[in-house]
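Comments concern the structure below.
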Amino acid sequence: QVQLVESGGGLVQAGGSLMLSCAASGRTFSTHVMGWFRQPPGKEREFVATISRSGLTTVYANSVKGRFTISRDNAKNMAYLQMNNPKPEDTAVYYCAAARVELLLTHPNEYNYWGQGTQVTVSS
């Protein structure tokens, strides 16, 4: 069982930066692939980024590639999403998710554990 808690959301100006954090409970964090998803107002949840268990491999949605960076610290049971140069269209509730698998996953249905979400609002 893994419990996830996101933090770091808030209001940010377009072109600024923001870092989201995801704290995981339990002693099996390093055996889980981690992902970040977001749900814009009135839209479905969508993939943002995922990172392998070792942290060596990452995959990004085209919409955030080159602007966002996913990372993890297995010693601290933490995952992060660094958001650089955010745009108003990045406004959404951001969720971290975990799955005890080896393969990187990009569909929300493939993840077993979810945080409660943190709101990110990007002003123009």
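Quick note: residue numbers are just sequence positions, from 1.
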Residues, nucleotides or ligands: over 12 heavy atoms within 6.0 Å of Gln116 CD:
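Yes.
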
Enclosure of Gln119 CD (heavy-atom neighbours >12, cutoff 6.0 Å):
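Buried by this count: over 12 neighbours within 6.0 Å.
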
Would you list the pairs meeting disulfide (SG to SG under 2.5 Å) in which at least one residue belongs to [range], sequence neighbours left out?
range	result
residues 2-114	Cys22-Cys96
residues 33-62	none
residues 23-61	none
residues 29-70	none

Point-to-point distance, once rounded to the nearest 0.5 Å, from OG of Ser30 to CG of Asp73
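Here the interatomic distance stands at 11.5 Å.
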
Would you give the length of the straight line joining atom OG of Ser71 to atom CD1 of Ile51, rounded to the nearest 0.5 angstrom?
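That separation rounds to 6.0 Å.
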
Passing option when Met34 is tested against Thr50, Asn74, Leu4 for side-chain contact (heavy atoms from CB on, under 4.5 Å):
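Running side-chain contact (heavy atoms from CB on, under 4.5 Å) over Thr50, Asn74, Leu4 with Met34 returns exactly one hit, Leu4.
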
Output all residues satisfying side-chain contact (heavy atoms from CB on, under 4.5 Å) with Ser7, sequence neighbours left out; order by chain, then residue number.
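Applying side-chain contact (heavy atoms from CB on, under 4.5 Å) to Ser7 gives Ser21.
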
Can you name the side-chain contact (heavy atoms from CB on, under 4.5 Å) partners of Val101, sequence neighbours left out?
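If we apply the side-chain contact (heavy atoms from CB on, under 4.5 Å) test to Val101, skipping adjacent residues, the hits are Val33, Ala99, Leu105.
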
Sequence neighbours excluded, every pair satisfying ring-ring contact (aromatic ring centres under 6.0 Å, His included) that has a member inside [range]:
range	result
residues 71-101	none
residues 96-124	His32-Tyr113, Phe37-Tyr111, Phe37-Trp114
residues 53-72	none

Is the shortest heavy-atom distance from the side chain of Lys76 to the side chain of Phe29 under 4.5 Å?
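No, side chains not in contact.
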
Is there a side-chain contact between Leu81 and Met19 (heavy atoms, below 4.5 Å)?
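No - every pair of side-chain heavy atoms lies 4.5 Å or more apart.
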
Set of residues satisfying side-chain hydrogen bond (donor to acceptor under 3.5 Å, both in side chains) with respect to Asn109, sequence neighbours excluded:
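Scan of Asn109 (side-chain hydrogen bond (donor to acceptor under 3.5 Å, both in side chains), adjacent residues dropped) gives none.
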
Report yes or no: do Leu20 and Val12 belong to one cluster of Ile/Leu/Val/Met/Phe/Trp/Tyr joined by side chain heavy-atom distances under 4.5 Å?
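Yes, Leu20 connects to Val12 through the hydrophobic network.
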
Residues 84-93 side chain polar contacts: donor-acceptor under 3.5 Å, at least two apart:
| unit_1 | atom_1 | unit_2 | atom_2 | d |
| --- | --- | --- | --- | --- |
| Asn84 | OD1 | Gln82 | NE2 | 2.9 |
| Asp90 | OD1 | Arg38 | NH1 | 2.8 |
| Asp90 | OD1 | Arg67 | NH2 | 3.1 |
| Asp90 | OD2 | Arg67 | NH1 | 2.7 |
| Asp90 | OD2 | Arg67 | NH2 | 3.3 |
| Asp90 | OD2 | Lys87 | N | 2.8 |
| Thr91 | OG1 | Pro88 | O | 2.9 |
| Thr91 | OG1 | Val122 | N | 2.9 |

Pairwise salt bridge (charged side-chain N to carboxylate O under 4.0 Å, His left out) hits with a residue in residues 47-62, at least two apart
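Residue pairs passing salt bridge (charged side-chain N to carboxylate O under 4.0 Å, His left out), neighbours aside: Arg53-Glu102.
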
Under 3.5 Å: donor-acceptor pair, side chain of Glu6, backbone of Gly117
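Flag set: sc Glu6 to bb Gly117 pair under 3.5 Å.
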
